[in-house]
**Student:** 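For reference, the structure I am asking about is given below.
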Amino acid sequence: MTAQHGANPLRDAADRRLPRIAGPSGLVIFGVTGDLSRKKLMPAVYDLANRGLLPPGFSLIGFARRDWEDEDFAQVVHDAVKEHARTTFREEVWQQLIQGMRFVQGDFDDDAAFETLKSTIQELDKAQGTGGNFAFYLSVPPKFFPQVVQQLKKHELADAPEGSWRRAVIEKPFGHDLTSAKELNAIVHEVFAPDQVFRIDHYLGKETVQNIMALRFANQMFEPIWNRSYVDHVQITMAEDIGIGGRAGYYDGIGAARDVIQNHLLQLMALTAMEEPAGFDANALVAEKAKVLGAIRLPKDLGLGTVRGQYAAGWQGGEKAVGYLEEDGIDPRSKTDTYAAVKLEVDNRRWAGIPFYLRTGKRLGRRVTEIAVVFQRAPHSPFDQTATEELGQNALVIRVQPDEGITVRFGSKVPGTSMEVRDVSMDFAYGESFTESSPEAYERLILDVLLGDANLFPRTEEVELSWKILDPIEEYWDNHGKPAQYPSGSWGPDEADEMLARDGRSWRRP
Ligand code: BG6
């Protein structure tokens, strides 16, 4: 048989083996004094520059209320880079980057500040050769999105001058339900055309998440069993050991389901369940992901098929951790979920009747994100039952983070004179198989924005379909009591274990 390369959906990606380097451009960050900006965005810009993936005159403009000069801003970027960048600090790279760094001080309703932003962009076009190409990164609370995009329109910053581009990058959460997401979409699209808008779901920028597609569609051996005939169920876990930290203002009233199930976990589910896309371009990918999201079926009884929890005081990593209601800035009567688990199904020929259990939580046993495809048991066993009854089910586990890789669990004969079978695992670890290092998700996504590559960015349609899934769950929770308490450092409320036990299953303890 000859190998067939004709219909490989990843061929476009393979063609991109040459380094993808951004052309003349700049980035404006609104909300530049925030956590995300310091921990992720500034370090990502530096790492890209350090890897030679930014153009020589690349420019970075910070926009915030703080009374800073350009030098103060540069110092903040410097400190953030030193603390959080992935690559080694090199003075020559820094010196080049600093040439294009500017700070614009102002409120979002301050017309003069937006005029200053405009003249700063014009100045950088001349001094740094940015060619009028600028991306506006809205790293601001969602209530400011409308105001910032309106200001960009009013001051003619959203319209690209002839021969150049302007793009808007929008951080989640994109709305807090379907209605508000639609309103936001309408506001954003009044100013920016769909191909100018890049919505960030940073999970899609993770190497291991992109590898779901390589695993499934660049190989022959997984796809034939990736369906209801062989799979028993799928578990998608995103566990965090941290609490809400200093993010009370953002988190309270939002909760775990809106914060990460609506976006990261449903995206992971869509990538796991979707059909092979016709190509690796945004249109083809969105089409397949949207089909899955549109076919998701909620549990008939939301009381039995969903669980929400809230962390109580407990011990974590040998230290005493306070409960959610005792955290600074949290209303002691808050009903916000810090843990959420849902049982979903996909109504299509491949998956009908197969549960996808999604769970996420803060202050759980440890930080781990994984997708476990758990297979049905062998239809019969020729071996002595007593020797094999402890066997688990075969599973393929995509370890998204940390300890990135893939594990396959299966039964194997225990060395010896009897036919005893025991579970073993076969591991692929990125660190052992590749010398290349993985870029941070934000590095990849910022570069994609500058290149205008929209493959890894959810579209309006996906965002809205995801809210359609979540809205009835949130509404049910609003009308039914309070979240169950779970001790910090545990694996969530007992109710979540009971939910799986009713189906004769149990959660993995990663
Ligand atoms: C963000 C959520 O999207 O993802 C946070 O808002 C969460 O609550 C974070 O902590 C986790 O990201 P990562 O990449 O560390 O898994």
Side-chain angles (χ1 to χ4, degrees), residues 31 34-41 43-44 47 83-84 86 137-142 145 169-176 181 198-212 236-269 271 308-311 316 321 324 327 329-330 334 336-340 358-371 398-405 430 438-446 456-458 462-463 466-467 470 488 492 510:
D35 235 33
L36 179 78
S37 167
R38 280 185 305 105
K39 290 191 180 147
K40 300 288 183 188
L41 308 183
D47 286 326
E83 198 177 343
H84 300 289
R86 197 174 56 84
Y137 199 122
L138 275 65
S139 176
V140 299
F145 291 170
V169 188
I170 302 188
E171 261 297 334
K172 59 168 265 282
F174 204 73
H176 61 271
F198 290 71
R199 292 178 188 80
I200 295 267
D201 181 324
H202 78 281
Y203 263 59
L204 297 181
K206 290 184 191 272
E207 200 64 43
T208 39
V209 172
Q210 292 159 51
N211 196 34
I212 299 170
I236 303 182
T237 299
M238 177 187 164
E240 294 187 281
D241 50 4
I242 52 169
I244 52 150
R247 297 168 77 219
Y250 158 75
Y251 200 85
D252 203 39
I254 295 251
R258 286 193 177 100
D259 185 34
V260 301
I261 292 187
Q262 189 271 345
N263 37 77
H264 308 328
L265 266 60
L266 283 176
Q267 285 288 329
L268 294 184
M269 177 171 168
L271 290 170
R308 67 183 160 150
Q310 200 176 61
Y311 60 82
Q316 195 146 37
Y324 179 73
E327 296 272 19
I330 298 297
S334 172
T336 299
D337 48 307
T338 62
Y339 176 100
L358 275 48
R359 65 172 162 168
T360 183
K362 301 239 180 239
R363 286 248 181 264
L364 295 183
R366 74 185 189 93
R367 174 176 183 257
V368 59
T369 300
E370 61 163 45
I371 301 165
I398 299 169
R399 304 194 311 268
V400 174
Q401 66 186 26
D403 188 21
E404 290 80 359
Y430 276 76
S438 304
E440 249 285 316
Y442 278 97
E443 240 174 287
R444 168 72 201 255
L445 296 176
I446 290 174
L456 301 178
F457 297 82
E462 292 167 82
V463 173
S466 302
W467 281 123
L470 211 64
S488 290

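When a ligand or atom number is given, it counts from 1 through the structure's own listing order.
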**Student:** Just to verify, what does S488 make a side chain to side chain donor-acceptor pair (under 3.5 Å) with, not counting sequence neighbours?
**Tutor:** none
**Student:** Which N or O atoms of ligand 1 sit under 3.5 Å from a protein N or O, and how far apart is each pair?
**Tutor:**
{"unit_1": "ligand 1", "atom_1": "3 (O)", "unit_2": "K172", "atom_2": "NZ", "d": "2.8"}
{"unit_1": "ligand 1", "atom_1": "3 (O)", "unit_2": "H264", "atom_2": "NE2", "d": "2.7"}
{"unit_1": "ligand 1", "atom_1": "6 (O)", "unit_2": "K172", "atom_2": "NZ", "d": "2.9"}
{"unit_1": "ligand 1", "atom_1": "6 (O)", "unit_2": "R247", "atom_2": "NH2", "d": "3.0"}
{"unit_1": "ligand 1", "atom_1": "6 (O)", "unit_2": "D259", "atom_2": "OD1", "d": "2.6"}
{"unit_1": "ligand 1", "atom_1": "6 (O)", "unit_2": "D259", "atom_2": "OD2", "d": "3.3"}
{"unit_1": "ligand 1", "atom_1": "8 (O)", "unit_2": "R247", "atom_2": "NH1", "d": "2.8"}
{"unit_1": "ligand 1", "atom_1": "8 (O)", "unit_2": "D259", "atom_2": "OD2", "d": "2.6"}
{"unit_1": "ligand 1", "atom_1": "8 (O)", "unit_2": "K362", "atom_2": "NZ", "d": "2.7"}
{"unit_1": "ligand 1", "atom_1": "10 (O)", "unit_2": "E240", "atom_2": "OE1", "d": "3.3"}
{"unit_1": "ligand 1", "atom_1": "10 (O)", "unit_2": "E240", "atom_2": "OE2", "d": "2.5"}
{"unit_1": "ligand 1", "atom_1": "10 (O)", "unit_2": "K362", "atom_2": "NZ", "d": "3.1"}
{"unit_1": "ligand 1", "atom_1": "12 (O)", "unit_2": "H202", "atom_2": "NE2", "d": "3.2"}
{"unit_1": "ligand 1", "atom_1": "14 (O)", "unit_2": "H202", "atom_2": "NE2", "d": "2.8"}
{"unit_1": "ligand 1", "atom_1": "14 (O)", "unit_2": "K206", "atom_2": "NZ", "d": "2.6"}
{"unit_1": "ligand 1", "atom_1": "15 (O)", "unit_2": "R367", "atom_2": "NH2", "d": "3.3"}
{"unit_1": "ligand 1", "atom_1": "16 (O)", "unit_2": "Y203", "atom_2": "OH", "d": "2.5"}
{"unit_1": "ligand 1", "atom_1": "16 (O)", "unit_2": "Q401", "atom_2": "NE2", "d": "2.7"}

**Student:** Quick one: CD1 on I236 to OG1 on T369, what's the gap to the nearest 0.5 Å?
**Tutor:** 10.5 Å
**Student:** Between D35 and K40, does any side-chain N to carboxylate O distance fall below 4.0 Å?
**Tutor:**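 Looking at D35 and K40, the cut-off is not met.
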**Student:** Determine, for K362 against E240, whether the closest basic-nitrogen to carboxylate-oxygen distance falls under 4.0 angstrom.
**Tutor:** yes
**Student:** Who are the side-chain contact (heavy atoms from CB on, under 4.5 Å) partners of Q267, not counting sequence neighbours?
**Tutor:**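 side-chain contact (heavy atoms from CB on, under 4.5 Å) list for Q267, sorted by chain: D201, L204, K289, P458, E462.
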**Student:** Excluding sequence neighbours, so at least two apart, what forms side-chain contact (heavy atoms from CB on, under 4.5 Å) with S37?
**Tutor:** I29, V32, L41, M42
